[in-house]
Structures are given as C-alpha cells and as structure tokens.
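Heads up, the thing below is written out as structure tokens.
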Amino acid sequence: MMLSLLPIPMPHQATARPTHAMATLALCLTALATTAQAQQPPLEKVVVRAEARFAFDADTVSPADRQALLAEVGRMQGVSWQTVTAVGHTDSVGTPAYNQQLAARRAAAVKDALVRQGLPAELVQTAARGPANPVADNASEAGRARNRRTEVVFEGVRSKAP
C-alpha cells in the first residue's frame, strides 16, 4: 500500500480568498454559536438590600445582624452574585474625620462577616459615608441609632423561570 502526502498550506501560505471548506467551516461555527446563544435561558437581574445596625461608637456586627445578612443571601437560590457593596454610615456625634473612619470600619466589619461565610473577598466592595447620608433625624437618640448602619447591596443574575 502506498501512502501519498499532500502539502497542507500553512497560515503564512494561505491564499487571499477563502476556500470552499473554509467558508463552510465559518458558516458552521456561526450556526453553532447562534444555537448556543438560543439555548441559554434568559437572565434576570437580582438586587437584594440588607442592613446591619451598630451600637454607639461600635464597629462590631452583632450575631443577629450577621444572621439577618446571611438569611437574605440564603433565600436567593440560583443567583450568580456579581457585586456586593457595603456602605458604612454614622450618626452626627463626633468629628467628621472620626465618623468617616468609623464608617469605614463598619463597612469592613460587614465585609469580613460576609467573607467568613464564603463570599469571595474580591466580590465585596466597601465605602464609607460617615454622617453624610442620614436616614433619620440626628436630634434624637432613636434617630441617631437608625443612622448607625452599614447598607449592603447584593447584585447578581439568575435564569428566568419559564
């Protein structure tokens, strides 16, 4: 039996116009990509908001707030989380510089709690607002207590139900 070898053009030897086989391959790849896109279920955006409260001049997440944060995440089955943002806030008692640092520590404490429960650290971003964005009047103790918080926003996607 005789075996003959035919030369195969290398990329640097390719002709300027595509061959019939190359054109057919390009059409098949395009059809395959279109089919793969059509088979993927549509996605919906998911946003979950949660909050952790803090005692005066404190930056420790309470066990109850830690559980509440994790419960929010746990209820969202099938979500591929893309970003998590923790923004620390304070009341108006103290200097602006101190409150900014305290707000940053609060946001970091929430991030730490989430990372210890399995969220990737690179997924969780933090920011600090200090007393700049109160949700209640700082004139009363009850209002100041509401302002001592870290707001958490979980954003992700999941497949839409048919």
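One-based numbering along the sequence shown. Owing to the predicted nature of the structure, the values given are computational and were not obtained by experimental measurement.
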Heavy-atom closest contact ([X] atom, [Y] atom, distance):
| X | Y | value |
| --- | --- | --- |
| Ala103 | Gly130 | CB-N, 3.4 Å |
| Gly156 | Trp81 | N-CE3, 3.9 Å |
| Gln100 | Arg129 | OE1-C, 3.6 Å |
| Gly88 | Thr150 | CA-OG1, 3.6 Å |
| Ala107 | Ala127 | CB-O, 3.5 Å |
| Asn99 | Pro131 | CB-CD, 3.7 Å |

Pairing residues for [X] by the side chain to side chain donor-acceptor pair (under 3.5 Å) criterion, not counting sequence neighbours:
| X | result |
| --- | --- |
| Arg148 | Asp91, Glu141 |
| Gln125 | none |
| Arg53 | Glu51 |

For the atom pair [atom1] ([X]) and [atom2] ([Y]), what is the distance rounded to the nearest 0.5 Å?
| X | Y | atom1 | atom2 | result |
| --- | --- | --- | --- | --- |
| Thr90 | Gln101 | OG1 | CD | 11.0 Å |
| Ser92 | Arg144 | OG | CZ | 7.0 Å |
| His89 | Arg149 | NE2 | CZ | 4.0 Å |

Give a yes or no on whether [X] and [Y] share a hydrophobic cluster (residues Ile, Leu, Val, Met, Phe, Trp, Tyr; joining criterion: side-chain heavy atoms under 4.5 Å apart).
| X | Y | value |
| --- | --- | --- |
| Val87 | Phe54 | no |
| Leu70 | Val46 | yes |
| Leu102 | Val152 | no |
| Val124 | Val79 | yes |
| Leu123 | Val110 | yes |

Side chains of [X] and [Y]: closer than 4.5 Å at any heavy-atom pair?
| X | Y | answer |
| --- | --- | --- |
| Val48 | Val153 | no |
| Thr126 | Lys111 | yes |
| Phe154 | Leu114 | yes |
| Val157 | Glu44 | no |

Check: Asp59 side chain, Arg105 main-chain N or O, donor-acceptor pair, under 3.5 Å: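 No, because the side chain of Asp59 does not come within donor-acceptor range (under 3.5 Å) of the backbone of Arg105.
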Side-chain donor or acceptor of Asn138 paired with backbone N/O of Pro134 under 3.5 Å: no
Residues Glu151 and Arg49 bridged, charged N to O under 4.0 Å: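 Answer for the salt bridge query: no.
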